[in-house]
Visitor: 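Starting off with a structure, shown below.
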There are 2 protein chains.
Amino acid sequence: MSSFIRQQVDPNRPDGYWVETFPFQASQDATDPPHLIGYGLGTSQADSKVLLYLNPYNASVAPNDPSKKDLPWEKREIAELRFPVACTIADISGNGLNDVILSDEYGPSMDDIWPDGGRVSWFENVGLNSNVHWRRRFIGKSPGMHRLKAGHFTRTDKVQIVAVPIVIKSSDLTSPAPVIIYTAPNDPLASPPDDDSVGWLNETPFPNSFRLVHDVYIFKREGQLDQIVLAGREGVSLVWFDTREGWLTKNLGLGCPEVPPNPYWGSGSVAVAKVGNDHTGYMGSSEGFHGNIVSAYIKPPSSPQNTLDGVNWTRVVLHDFGPLNAGHTGSIHQVICADIDGDGVDEILVALMGSDPPSWEKTGVWCFKPIDLEKGTFTRIKLSDDSAGRIAIGDLTNRGLVDYATISYSVPGYFESPGPAVNCYASAPIRAQRLNDEVLFLLPNPTEAKIIDEVEFLDVSSRKLSLVVLPARTGFNVGTNGGVKVILGELTWTDANGERQSRTQATTPFGTASNIVDSELGMVEAGPDGAAFMLLKPSTTSGTPPYSDMSQLVAHNIFPPRFPADIRDMQFPWVKVEDRPWANGRFKDLEFYNLIGFQVKLANDSLQHVCHIQLWTAGVGVSAGFHNHTGDFFCEIHSCIVNGTGQGGMSWATVADDIFDANDPDPSQYNSIIVPDMHEHGPLWRTQGDGLPAFRRNSSIDYPWHAWLAGPTGPAQAFDVWIAFEFPPLGAAELRPNTIVPPPTTYLLRHATSEIVATVRDGDSTDGTPIIGTPLDSSVQASPQQWAVNVVTGTKTLTIKNVGSGSFATTNWPPVSGQSLAGSRSLALLGITSNWVFTEHDGGSVKIWLVGTNLVWTLNVNNQVVLEVERTGDSKQSWNLVPVLGPVETAE
Amino acid sequence: MSSFIRQQVDPNRPDGYWVETFPFQASQDATDPPHLIGYGLGTSQADSKVLLYLNPYNASVAPNDPSKKDLPWEKREIAELRFPVACTIADISGNGLNDVILSDEYGPSMDDIWPDGGRVSWFENVGLNSNVHWRRRFIGKSPGMHRLKAGHFTRTDKVQIVAVPIVIKSSDLTSPAPVIIYTAPNDPLASPPDDDSVGWLNETPFPNSFRLVHDVYIFKREGQLDQIVLAGREGVSLVWFDTREGWLTKNLGLGCPEVPPNPYWGSGSVAVAKVGNDHTGYMGSSEGFHGNIVSAYIKPPSSPQNTLDGVNWTRVVLHDFGPLNAGHTGSIHQVICADIDGDGVDEILVALMGSDPPSWEKTGVWCFKPIDLEKGTFTRIKLSDDSAGRIAIGDLTNRGLVDYATISYSVPGYFESPGPAVNCYASAPIRAQRLNDEVLFLLPNPTEAKIIDEVEFLDVSSRKLSLVVLPARTGFNVGTNGGVKVILGELTWTDANGERQSRTQATTPFGTASNIVDSELGMVEAGPDGAAFMLLKPSTTSGTPPYSDMSQLVAHNIFPPRFPADIRDMQFPWVKVEDRPWANGRFKDLEFYNLIGFQVKLANDSLQHVCHIQLWTAGVGVSAGFHNHTGDFFCEIHSCIVNGTGQGGMSWATVADDIFDANDPDPSQYNSIIVPDMHEHGPLWRTQGDGLPAFRRNSSIDYPWHAWLAGPTGPAQAFDVWIAFEFPPLGAAELRPNTIVPPPTTYLLRHATSEIVATVRDGDSTDGTPIIGTPLDSSVQASPQQWAVNVVTGTKTLTIKNVGSGSFATTNWPPVSGQSLAGSRSLALLGITSNWVFTEHDGGSVKIWLVGTNLVWTLNVNNQVVLEVERTGDSKQSWNLVPVLGPVETAE
């Protein structure tokens, strides 16, 4: 689930009621981030100022200036009105720019409706630079006017406005109110401004059908007239015009039932949710008028798609925010539907105004996310804590994500939340928190991520560093001469020579690989598990190599303005290593500096550690010191940004630890590789079989003595700059003889000396279900007999996932000869019981080895798949990989 | 360094200038948490309301009610004044309650001083229940009146007020302003209220000496009259009355120099800092008037203590917040000194009002903490981000800690920070952040902590759970029948039988220990490394065992109100284990539930992991399932809160992993221990020598199969409730034969066959300095020859720390025969190169073994201390522990 970072739009409002996104351009193709309209009702003493908040992410407002630390939303007052209530937008004048339609003169409250009020007007867009009121022209009026929506309801050639009062006179909760359709004249600009004697033509198809309509939703249909969804005492009602049958209505759901003496039943707000390609996947609703109940309307699985009227909807109550107050009202003011996490399924966002006494539960925005739509099960999560009268959705921060804005509900005489404000909530898949002198990044798991996020954070030594999370099989443009260092998953691209390049946490042991993406257009693609990576884009802000002086190597904090001030104002100084507390007297007088640091973890409950990142720089002739990690627990990879002399790089002892003298290293006892500009080196730690890291007795990683040695002293100083990535233990690519890596696809695993195939018994997904041999069911190619074989990123080992059960082939504990195999949904740490190595034998058949052992798959006398010590030439230990040629069921 | 959690006192102020703590009782012995006084200057249009904010932590305001979720600070308006500026408090009426002294009628600004203004009045405390204005009585007046302080300046029998105008007329920055001393009359109540014709007697000892005095500090001396410290154009000036010599003055420092055309030089605010027992350890100052410079005045090491006038002070500039604005002013409004981290040394807290354009750097409270007072080096850290006009210090949240409050600086016409507010910042050594469904606790490292903190968080199954951090050697009262589970360090107590009890992360392997503290008065004491522990206090909120139904086991969130709403409003549901995503089909229909969860880490840069805590409950007859940790990496300890049947507990296989059938366990193949109510069990993992945990090939901990088995099915349901503590790998108590644990003290380590002793060469603290043998220097018992031997908590292994260098005796890598020893400031992971075992040989001499090896200390031919394979009976491998009897230098 996505999270959001709050940015203040207007922290000091006198009151609050309405917020609306205002795209300046009317065209559906315009991609400018929208501005915001916000206002309150005002009071009898003070008229309400309708404000346009100019979006600082809009290039027309604030040309892109990366040095900008604060992005205030400038205000324009477009009107000053008495008790404005509803707002909608449309291009009325026809000039391609949106205008604003507002109702006003409502009266102080539902118990004090102005009998001659409920005026509807439109306000001509006069541009953003002007601070004069926009020209108002009259449309019509009806007392108690409460909601307006623009659309095409009976014709497509003219803008139309549906206008619905909530009541027709003060305190009358029972009389129906009309549904009014206003149609724009041929030349809307011809009407004289501020003349309330000339309005638009209107019709009232349903003068007496609907009571207490609190909210209106417009359902736009492809190639058809728009439908109007009303939320009121009648529940959820659909109203639409059929060119043959005229005006029609259908009740879609009754909402909450009448419980006297509560005068409020039915629905208070409604929105339609998209599910994949179905624009009517379900509906979200709040019940009743200003109620406390959230419900969803779901449909049977076989129902038609993209129709509201052609479906039998079933109401499911999702949550009750608690008892209503003495006035029979609660805290919900609006629901909307939007796909905030990018998975193609809309969530319900619920705006809660707050309560008296105050309650966190009833203040802010809650999100209800469908888990199983057929059963109507949802989870809920709080998105923001400030009072929300309404929610406006849009790409407010211009990043292609779904942000939202809210306005506090604060209406004197009804409910006033303290400190009314307009806030923008920027979608933040990647979060960051300050922890003392370091930053903690919290990433969404790339295996589950559905949206791309990128966070720039540091500009240093000619590179702009950012963290990127990329969903599975998704492309990303790293730009010209961009570099990447993967920290989770895999990135691939086709290089300038047409070769496929792949990068993972670690490249070839004791080798190097370039970080530069030399693909066409700079495109990379994430692997099947997605990817998280550091992106290194060229920058001129931080100078050009070579760097002869530390003053040239200042690191600039470039966290974007949506991040909290305490992070944006951090400094990342280079600290001389001799001054680090852990130096304890070492590294005296060396030109050797350290910059901390960045903790990267997954934002799940276990805070799974991804890596710790810090930066280092060293002048010519400096040895960072041959060392050994005995007090830590990580696998270290360095990416070199700048190799000052072209000669710097990693060295590692080639002799046993006790032979090597770290204080007086003998060059014949170590090997070196140069790690050029924008290259990373591979694993330098010792490994067990098949690339598993070797551990010492205290579980620290077994390393040879190793060091970064800067290039030799020359006539000029030239600093090396490199980044250290400290990973938790990881497997790397090591081969046993005859290893094969079959094409990742779906296979049958057929025992070589019999016709039977490996199966998870009954396709049961329960952990621990035995893997057995069964006769091939060739008629159906039953999926419990199908296995998806995938490479473990960065290694030559494989996972074998059963298609029918979704479980991985796993050895029961402990892995010994005779041990049986079973399905398990969870992969073991470093795959020690669930990663496999295939070796080729006997012309096409394979042996399937448990990683790092001499145990292979075989069948026992009970036809169970078990492990056995490998014996050369034993064909009973051989298996045939039979690609599934028929329809392949997905392994996901 | 301590951190603080913000609580809103008044989020919606019109303006802001002054905040002051208001202890209701005047007695120095009163311990009630103080209330707050807050006000702004007001404007020409709107008088200023002087508000008293009632402290909700004060029992007289809000009797202790743990169910209270919100603690609003109620307001009382005690006066409405025109341009009030200064405030001080004292018991003028003599009834034991504090009254308030205020100056008003200042005028809108320093350029618009009311010529007849600067009135000083006192306001009689009429109690907290009344909402009427307090009775005002006139004291005196002087235009430009700007600071007031109560004290005893020439006599101790009457309350006196020192009153200092900043200027004497509008825009006159050069004429001196008087220092006025007002003395209370015999019967202050006899003066008629609101009569400005009758004031107090006053004297003006320094009518023409000081210009632009912006702030006044009172230095209270034991048994002597108070001294007055002025911060103004003359810098820091001391003014005091000597009973023999009369009024005296001395300049203590000049502040920042005059730089024309800037009219502001000298000092703007000053405070005196306590360092240990020296109440004049140093002074903090801001420079000049509303300046941007923070400086400290330090004194030579041999200077006298507890005197301001008897010292030669040296000014050290600590920080410059940047260039001043066009009006030559900056952002600092006040400095105060307080010991916020309990280490006995005051820090400087700097109040910054903000700036235009806004700047995080210049808004809020910065703390400057002395590192080396002799050199004048300080570190700085931001404590809070809201505009601070002034800071008020006190135990506002009634926990014995130093909290503080601020008011935004917002004065129309000069500088207005947005959204003026009064905030209380509660000292928070233990912090908590929400991470999805779990809580992340961030603890101060108990080895460095100086103040106790306790955070209650969950009330479940008859116990109230809290986390406590206890500094080294500090006592703590756990209350009647309180229980403890240590998660870091050690707790000890003397039990009811007079035996010493000790608890660490893990008790005896395969044994149990009670969590109940049965000491006199419930006192426990932390060991030499301090302690962090879970405290389990009896509670009736969450019922009384036995629990026959899950509805009785509801867990209540009891995070105190100082924590953020998103944490206080979390729910901690018991989730049926079969419904956990990781169940993957197992645990079907078992009465087995799980409650997550609490991550505990140290609040240092590496976020050192302390433990993960979750709760479990199981009904009768339930087996939590024999399992083995192959995908995780932790040492698990369970504390049982409630043993439903009295028969539940841990079982573990006594046979090799491959013999045991976890699905059909053979009772002859496992052992069990009952873990009674309020008991914990010891390590159940396999160990290497000397208690090091055994690791598997993938670095997971080597466990036998193990399970919690609830008691047998009986006539009634009775749930077991237990807490799982998942620790990173830890050493436990395992003995090799003849192990001795010498009394922790300081020793010489004398080689048994020679007269030479082990020494860190030259006492050099550099990591890697060799440990060598040198002749005993018996005349001085030189500290490089002294070693502090301490037990590693929870084990029988020892650390050996060199007193002279502060380094630990450590083997160089790798630990092999012939390897030399060296000093190192850092302990290795699990002590693999720095933990030692002593065994007794040859009547009193010891062999010193590297933990888990067959390597012992000896001397080589070069007189270096090296490791060697142990040989039975080789006296060259023996050492004598000679306690140091003379003056022992501290090992800290």
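Worth knowing before you read on, the calculation uses all heavy atoms, side chains too, and leaves out hydrogens, waters and symmetry mates.
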Visitor: Any heavy-atom pair between the side chains of B:Asn12 and A:Pro418 that's under 4.5 Å?
Guide: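 Of all side-chain heavy-atom pairs linking B:Asn12 with A:Pro418, at least one is under 4.5 Å.
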Visitor: So B:Lys588 and A:Thr766, do their side chains get closer than 4.5 Å, heavy atoms only?
Guide: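 They are not in side-chain contact.
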Visitor: Consider only side-chain N and O atoms of A:Asp566 and B:Trp360, and report whether a donor and an acceptor are under 3.5 Å apart.
Guide: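 Absent: no donor and acceptor within the cut-off.
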Visitor: Indicate the atoms forming the closest heavy-atom contact of A:Trp705 with B:Trp813, along with that distance.
Guide: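 Here A:Trp705 and B:Trp813 meet closest at CZ2-O, 3.2 Å.
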Visitor: When rounded to the nearest 0.5 angstrom, what distance separates CD in B:Glu361 from CG in A:Asp569?
Guide: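 So the gap between those two atoms works out to 7.0 Å.
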Visitor: Counting heavy-atom pairs closer than 4.5 Å to chain B, which one of A:Ser807, A:Gly585, A:Pro357 comes out on top?
Guide: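 Highest number of heavy-atom pairs under 4.5 Å: A:Gly585.
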Visitor: Looking at B:Ala565, B:Gly818, B:Gly831, which has the largest count of heavy-atom pairs under 4.5 Å with chain A?
Guide: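 Between B:Ala565, B:Gly818, B:Gly831, the count favours B:Ala565.
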Visitor: Report the option among A:Ser699, A:Pro693, A:Gly419 that has the most heavy-atom pairs separated by less than 4.5 Å from atoms of chain B.
Guide: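 Ranked by contacts with chain B, first place is A:Ser699.
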Visitor: Pick one of side chain, backbone, both or neither for B:Leu827, based on which atoms fall under 4.5 Å of a heavy atom in chain A.
Guide: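 Interface part for B:Leu827: neither.
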Visitor: Report the option among A:Phe695, A:Phe633, A:Phe660 that has the most heavy-atom pairs separated by less than 4.5 Å from atoms of chain B.
Guide: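 The candidate making the most pairs under 4.5 Å is A:Phe695.
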Visitor: Do you know which of A:Asp767, A:Thr833, A:Thr769 has the most heavy-atom pairs with chain B at a distance under 4.5 angstrom?
Guide: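 Of the options given, most contacts go to A:Asp767.
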Visitor: Heavy-atom distance under 4.5 Å to chain A: side chain of B:Val851, backbone, both or neither?
Guide: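 Looking at B:Val851, just its backbone touches chain A.
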Visitor: If you count heavy-atom pairs within less than 4.5 Å of chain B, which of A:Asn663, A:Leu830, A:Thr630 leads?
Guide: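 Of the candidates given, the most pairs with chain B belong to A:Thr630.
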Visitor: Within the 4.5 Å heavy-atom criterion, are B:Arg696 and A:Ile832 side-chain neighbours or not?
Guide: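 Side-chain contact under 4.5 Å: no.
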Visitor: For B:Gln819, is it the side chain, the backbone, both or neither that has a heavy atom under 4.5 Å from a heavy atom of chain A?
Guide: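 For B:Gln819, neither part sits under 4.5 Å from chain A.
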Visitor: Using a 4.5 angstrom heavy-atom cutoff, name the option from A:Arg431, A:Gln433, A:Lys382 with the most pairs to chain B.
Guide: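 Counting heavy-atom pairs under 4.5 Å, the top option is A:Gln433.
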Visitor: Please classify the contact of A:Trp582 with chain B as side chain, backbone, both or neither, using a heavy-atom distance under 4.5 Å.
Guide: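 Backbone only.
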Visitor: Against chain B, label A:Ser826 side chain, backbone, both or neither, depending on which of its atoms sit under 4.5 Å from a heavy atom there.
Guide: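 A:Ser826 touches chain B through backbone and side-chain heavy atoms alike.
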Visitor: For A:Ile701, which atoms come within 4.5 Å of any heavy atom of chain B: side chain, backbone, both, or neither?
Guide: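 A:Ile701 has no heavy atom closer than 4.5 Å to chain B.
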Visitor: Check each atom of A:Asp658 against the heavy atoms of chain B and say whether the ones under 4.5 Å are side chain, backbone, both or neither.
Guide: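 Both backbone and side chain of A:Asp658 come within 4.5 Å of chain B.
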Visitor: Name the option with the most non-hydrogen atom pairs under 4.5 Å to chain A; the candidates are B:Val816, B:Asp764, B:Leu442, B:Asp657.
Guide: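 That would be B:Asp657.
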Visitor: Taking atom CZ of A:Arg697 and atom CG of B:Leu692, what is their separation to the nearest 0.5 Å?
Guide: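 The CZ atom of A:Arg697 sits 6.5 Å away from the CG atom of B:Leu692.
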Visitor: Where on B:Asn628 is there a heavy atom nearer than 4.5 Å to chain A: the side chain, the backbone, both, or neither?
Guide: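 Just its side chain gets close to chain A.
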Visitor: So which heavy atom on B:Leu829 is nearest to which on A:Ser700, and how close?
Guide: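 Smallest interatomic distance, heavy atoms only, reads CD2-CB, 4.4 Å.
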